[in-house]
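Below, read A as the first sequence line, B as the second, and so on, with proteins coming before strands; counting in each chain starts at 1. Just so it is clear, the structure is predicted and the values come from calculations on it, not from any experiment.
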Amino acid sequence: MSNTLSAHKLTLVRGERCLFKGLNFALGSGELLLLEGRNGSGKTSLLKAIIGLLELETGEFQWNGMPVRSQRQEFLSASVWMAHRVGMKPDLTASENLSFESTLRPLNNCDIEEALERLGVLRLKKLPLRSLSAGQQRRVGLARMLIARATLWLMDEPFTNLDREGRDLLTGIISDHIEAGGLCVLAAHQDVAVDVPTQRILLE
Amino acid sequence: MNGAAGQLPGLLVCLRATLQRELLLVLRRPGDMLNPLFFFAMVCTLFPLAMGPSEEQLAFAAPGVLWVAALLAMLLSLNSLFLSDHADGSLEQLLASPQPLVVLALGKTVAHWLTSGLPLVLLSPALAMAFRLPAGTIWVLMSALTLGTVSLSLLGSVGAALTVGLHRGTALLSLLILPLAMPVLIFGARTVSLSAAGDTYSMGLFALAAYAVGALSLAPFATAAALRISNE
């Protein structure tokens, strides 16, 4: 089944500043949307607005042609958000964090061990997250994307803290997801070398 | 793991997982749970020392002292309810999940009661004996404290959710919660002193129970809404 995410005349104001005005985009299955722009240009805010954490001033998002507002739960079931922070409890281990996460949204067939194995952090699964390096924590955070049965991936600077091998791994994971018909909105400073249909939005 | 692949895991599964996560977190950092408990025990043991050994005086002051100490201990523990989730970003993940936020908020609140309300209830008989409360009053104290701390956890979760985005929200949290907590304090302390004096006290317990049921049915929704607002 093909999915679409489209934005219509988005305006987002944070405090006194208008981050963007009249922004439109339409993203279909098998496409990547790259959000570019300098620090503070509103990339994270746009991602937060998509997932519903920020209220838009005007405009709306549509998922499969219907307003997201009218089908919030279906939309959130189909999306997973990787924030700038890992968003897991530092006192719990990778497997404890992920087994809690697995009750939060629909799952696919990839179990937790498989996901950790693919990300190269399986041997760390019994350690509390706080004892892992920033890059390792990020890898555990990425496991959330693999276990969730989500078609829309929202990623905020996912390459931060990852080493070269980790960046290649993540690039591969993202292109696999998109080639399987997924959608991905990705905010990044640096260029992302993913060989898939890509749209770009430059936020001023 | 939990639930069939492809389906949103059920609400009970999610509630249980939230509870499990919170209890595990407390187990990893027992200090968060023990601090309010120590505070409760300390206040209640210092009072008899300060007031002198007159049994009559002690038994007279006991209900008030126990209840004020319990209320303050609960307030002390409430501040951290959503604070660490806010700090490490896991709160945003909860907000972005398709599971109803009400269930997640309820799970966290139940865990809060289990780790701060319940220990107070269990410790109270020992302190009541130190105050020379009659033996028959002790179970009244325990039931009243159970109902009261349930209400306080629930009310407190609303306040904690509202103040989570603020730095130093503690004072504001107390200001928000105290007016709502007054009925609990008044009914709670009065019930115990009536029972100690040998009067009928059941009305007080009923009132506390009604308040707890009211809080249980309304507070989780308010907490969920407050979490959304303070995360804007």
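No more than 12 heavy atoms of other residues, nucleotides or ligands lie within 6.0 Å of NE2 in A:His84, so this atom counts as exposed by the packing criterion. Heavy atoms of other residues, nucleotides or ligands lying less than 6.0 angstrom from CZ of A:Arg17 number more than 12. Counting heavy-atom neighbours within 6.0 Å of B:Phe47 CZ, excluding the residue itself, gives a total of 12 or less. The number of heavy-atom neighbours closer than 6.0 Å to CZ of B:Phe39, taken from other residues, nucleotides and ligands shown, is above 12. No more than 12 heavy atoms of other residues, nucleotides or ligands shown are found within 6.0 angstrom of CZ on B:Phe187.
Counting heavy-atom pairs closer than 4.5 Å to chain A, the top residue among B:Glu92, B:Gln20, B:Gln99 is B:Glu92.
In plain terms, the two heavy atoms of B:Gln93 and A:Trp81 that are nearest each other are NE2-O, 2.9 Å. Residues A:Arg105 and B:Pro9 come closest through the heavy atom pair O-CD, 3.5 Å. Of all heavy-atom pairs between B:Pro98 and A:Pro106, the closest is CG-CD, 4.3 Å.
Of the two parts of A:Arg144, only the side chain, counted from C-beta on, holds a non-hydrogen atom closer than 4.5 Å to a non-hydrogen atom of chain B. With a 4.5 Å cut-off on non-hydrogen atoms, B:Leu104 touches chain A through its side chain but not through its backbone.
At least one side-chain heavy atom of B:Leu94 sits less than 4.5 Å from a side-chain heavy atom of A:Phe100.
Note that the OG1 atom of B:Thr18 and the CG atom of A:Leu104 stand 7.0 Å from one another [nearest 0.5 Å]. The distance from the NZ atom of A:Lys89 to the CG atom of B:Leu24 is 12.0 Å, given to the nearest 0.5 Å.
By the salt bridge (charged side-chain N to carboxylate O under 4.0 Å, His left out) test, A:Arg167 pairs with no residue at all, sequence neighbours left out. Take A:Asp91 and apply the side chain to side chain contact (heavy atoms under 4.5 Å, CB included) test, not counting sequence neighbours, and it matches A:Arg130, B:Leu25, B:Arg28, B:Arg29.
Salt bridge A:Arg85/B:Asp88: absent, no basic N to carboxylate O contact under 4.0 Å.
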Can I get a per-line list of side-chain donor-acceptor pairs under 3.5 Å for residues 113-125 of chain A, giving both atom names and the distance, sequence neighbours left out?
| from | atom 1 | to | atom 2 | distance (Å) |
| --- | --- | --- | --- | --- |
| A:Glu113 | OE2 | A:Lys125 | NZ | 2.3 |
| A:Arg118 | NH2 | A:Asp176 | OD2 | 2.8 |

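Close approach to chain B, defined as a heavy atom under 4.5 Å from one of its heavy atoms, is seen in A:Lys48, A:Ile51, A:Leu53, A:Leu54, A:Glu55 of residues 45-62 of chain A, taken by number.
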